[in-house]
Amino acid sequence: MRSCLFLLAAALHAAAAAQAQPASTYHNPLPVRLASGELAQNCADPAVLRDPRAPQPTWYLYCTTDPVSRSEKEGDGYRFRFLPIYRSTDLVQWEWVTDSFTGQRPAPASPRSWLWAPEPQYHDGRYWLYYTITDTDDAHSPEPGCDADSSIGVASSASPTGPWQASGRPVVGPRRATPGCKFDWTFDPDVVIDDAGTRWLYYGSYGGGLFVQRLSNDGLSVEGEARRVGTSGRYEGAEVVRHDGWYYLFASATDCCAGPLTGYALHVGRAASPLGPFLDKQGNDMAAARAGGTPVLPQSGNRWVGAGHNAVLQDAAGQWWTIYHAVDVNDPLFAPGLTRRPALLDRIDWAGGWPVVAEGRGPSDRELPAPATSAAGGRPAPAFAGTGADMRLLWDEDFTKPPAAPWRWLRSPGAWRITGEGLAWHTQPGDLYVDTNTAPLLARPLPPGDLRIEARVRIDAPDDCCAPHVQAGIVAMRDDDNYVKLSVLANAGLHQVEFGKEQKPVPVHHPRYGNTVAGTPAAQGGWTWLRLDVQREGTGQDARERWTAWSSRDGRDWVGGGTWTHRLGPAVRLGLVAMGTGALAVTFGPVRVSALYPPHSAGSAAQVHGTAAQP
């Protein structure tokens with residue numbers, strides 16, 4: 001017995017010593033461990049606090065309410081941990097400390113409410129934890145009996161790990177969208193302090209948009225007018241940081257939780273004031289109907305998709321980093337209908353006044369130098385991803401005459417015409433989505449090899465709040481259920497360039513469609529340029545392709561929008577599509593297809609059309 005105890009003590013001492021040694025490298029996802037040593041399966045909506053009272057650099061990681069272990073059950077389902085907290089001294093190895101709340105939900109959360117998106121703060125000698133309450137109790141709701149009257153709650157503690165004493169009332173209460181139980185989404189708190197010491201609270205989501213409002217001195221309520229900083233339907237998960245005199249708003253777009261077809265992605269804008277407006281590199285406002293936002297962490301075609309809802313922080317040497325959640329396409333679901341979202345870490349550098357995450361390569365899936373754990377630490381200079389490709393024009397369709405073979409209509413739109421600007425028709429009732437395959441298409445085969453597809457489209461969609469859902473763009477397709485689609489989309493006053501993917505068949509419980517966004521469309525009456533680059537890997541029907549999207553408002557300054565992988569095969573066709581209600585006018589300008597080659601390769605030596613510079 002004595003020897004067993006000795007061996008156990010030695011093992012524990014060795015484990016503790018290993019934990020005390022800071023990591024020199026790391027590989028995503030982060031090793032976030034439970035008390036048992038098991039890796040946590042989820043850490044969505046991560047938030048990080050560096051403890052100002054700790055004698056050595058120590059950080060705390062707070063995650064949204066989720067099940068974290070497939071072995072933890074509660075009743076007929078999985079156990080959901082309410083805002084679990086983990087601790088690290090190197091920003092790589094994280095060990096579970098506690099769950100923020102156990103048992104009853106803290107008031108004013110109802111007994112059936114979830115607690116999401118924690119935001120830790122240290123202020124006036126105490127620790128504060130802001131969080132989303134998805135269902136506010138009737139005593140604090142303008143409409144008793146509702147279950148979607150979300151609000152922002154807060155609790156405080158003498159320790160970064162609690163116990164937490166909830167204030168008992170909302171910091172931001174439920175906000176009506178319409179009479180009855182229709183409420184705007186009061187989600188995802190984030191706190192920023194300006195030079196005068198004023199604290200500002202950001203909150204909101206797709207339902208109603210993102211807002212900022214001044215926090216009261218005691219941090220328990222908001223004061224003054226709320227200012228919209230992110231347009232409705234586009235953004236959630238605000239994370240605002242200050243750098244070199246600017247305020248930077250990181251925010252996430254599209255569905256967070258579509259398993260392997262999650263296209264969630266981070267965008268950024270900056271402002272001179274915490275009140276905005278937050279403009280992207282092209283000067284587009286993130287709160288405008290034609291939504292701005294520079295993509296800062298689009299998926300790149302590796303195992304990680306859906307990267308977003310991030311925390312931005314600095315290591316002990318002052319280097320900037322971001323921790324965010326993402327979806328592993330090889331293990332996308334925790335359980336049927338529940339997307340698995342582990343935590344990832346990537347470096348942020350600043351170039352020309354803008355953040356560059358992971359050297360512009362997308363979410364990392366390789367061994368990388370770890371953050372510094374002391375002020376003397378450092379890292380090599382970044383090696384930003386290369387750009388550019390040579391290309392050779394294969395064909396150019398300017399639509400100065402009616403489309404002829406190999407073009408052919410798949411479901412004719414009826415009336416169409418050739419104009420001095422190109423091929424014109426109107427959006428038609430119908431769609432190209434899962435089992436609804438009724439949209440008209442003009443299509444032709446694509447040649448083999450790596451390609452660049454470029455098209456120009458104009459859609460007469462007004463900025464009205466109640467305009468119907470319409471879209472027009474290009475589709476690379478094997479059939480109606482297997483494609484990637486890049487289109488200018490307008491819906492209920494939101495205008496964006498959508499990059500979607502559909503596939504069939506899929507495993508049970510997996511979605512068939514996912515989307516991300518790729519830039520800001522032109523103003524009404526203007527042209528939007530669309531670009532799809534395809535790189536083919538392997539040969540035959542099962543060969544994989546990497547489809548990368550771009551868009552531009554002038555044909556020169558391009559915005560990248562991420563990569564979908566697919567297996568469309570050698571019989572892939574290019575289609576032009578204009579669909580949706582309202583019969584809005586659509587015009588397609590020139591459509592060009594070029595062969596792509598690495599810069600200065602032998603394959604591009606003849607008939608080089610030009611060098612394609614990529615942003």
Side-chain angles (χ1 to χ4, degrees), residues 387-410 413 416-425 440-459 472-477 483-488 497 499 518-519 521-522 526-536 545 547-561 568 570-578 585-601 603-615:
T387 61
D390 286 344
M391 61 183 187
R392 175 170 54 89
L393 182 65
L394 299 178
W395 55 261
D396 184 348
E397 179 63 75
D398 60 10
F399 293 116
T400 57
K401 55 186 178 181
W407 289 105
R408 73 182 185 92
W409 287 101
L410 309 178
W416 55 268
R417 60 195 178 94
I418 295 297
T419 72
E421 295 179 303
L423 174 65
W425 80 83
L441 285 157
L442 179 64
R444 63 172 289 173
L446 280 170
D450 294 349
L451 303 173
R452 168 160 295 174
I453 305 160
E454 295 176 291
R456 191 177 69 161
V457 63
R458 183 176 64 210
I459 182 168
I474 56 178
V475 185
M477 60 189 300
Y483 62 78
V484 293
K485 176 190 64 167
L486 182 62
S487 62
V488 177
V497 178
F499 183 34
W527 292 96
T528 301
W529 281 255
L530 304 175
R531 174 191 291 171
L532 276 177
D533 287 352
V534 57
Q535 295 175 292
R536 291 182 164 102
E545 308 111 16
W547 298 88
T548 302
W550 309 84
S551 74
S552 173
R553 292 162 60 99
D554 58 11
R556 298 181 300 274
D557 188 9
W558 292 87
V559 176
L568 299 179
V572 62
R573 294 170 289 174
L574 171 65
L576 308 182
V577 64
V586 173
T587 305
F588 287 93
V591 178
R592 298 185 178 93
V593 173
S594 303
L596 277 184
Y597 308 95
H600 314 305
S601 71
S604 63
Q607 295 180 298
V608 171
H609 174 63
T611 296
Q614 298 177 359

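Since the model is a prediction, treat every value here as computed from it, not as a measurement. Side chains included, hydrogens not; waters and symmetry mates left out as well; all remaining heavy atoms used.
Formation of a donor-acceptor pair under 3.5 Å by the Ser551 side chain with backbone atoms of Ala518 is found in this model. In this structure, Thr528 contributes its side chain and Ala522 its backbone to a donor-acceptor pair below 3.5 Å. At least one donor-acceptor pair closer than 3.5 Å links the side chain of Arg553 to the backbone N or O of Pro521.
The closest side-chain heavy-atom distance from Val475 to Ser487 is not below 4.5 Å. Residues Leu532 and Phe499 are in side-chain contact: their nearest non-hydrogen atoms beyond the backbone lie under 4.5 Å apart. In this structure the side chain of Thr587 reaches within 4.5 angstrom of the side chain of Trp527, judged on heavy atoms. By the 4.5 Å heavy-atom criterion applied to side chains, Phe588 and Leu442 are not counted as neighbours. No side-chain heavy atom of Asp390 sits under 4.5 Å from any side-chain heavy atom of Leu596. Side-chain atoms of Leu423 and Glu397, non-hydrogen and from C-beta on, never get closer than 4.5 Å to each other.
Tyr483 is linked by a ring pair (Phe, Tyr, Trp, His ring centres under 6.0 Å) to nothing, counting only residues two or more places apart in sequence or in another chain. By the side chain to side chain contact (heavy atoms under 4.5 Å, CB included) test, Arg536 is found to be paired with Asp450, Leu451, Val534, Glu545, Val572, residues two or more places apart in sequence or in another chain being considered.
Aromatic ring centres of Phe399 and Trp407 lie closer together than 6.0 Å.
The two residues Pro590 and Asp396 come nearest to each other via the heavy atoms CB-OD1, 4.2 Å.
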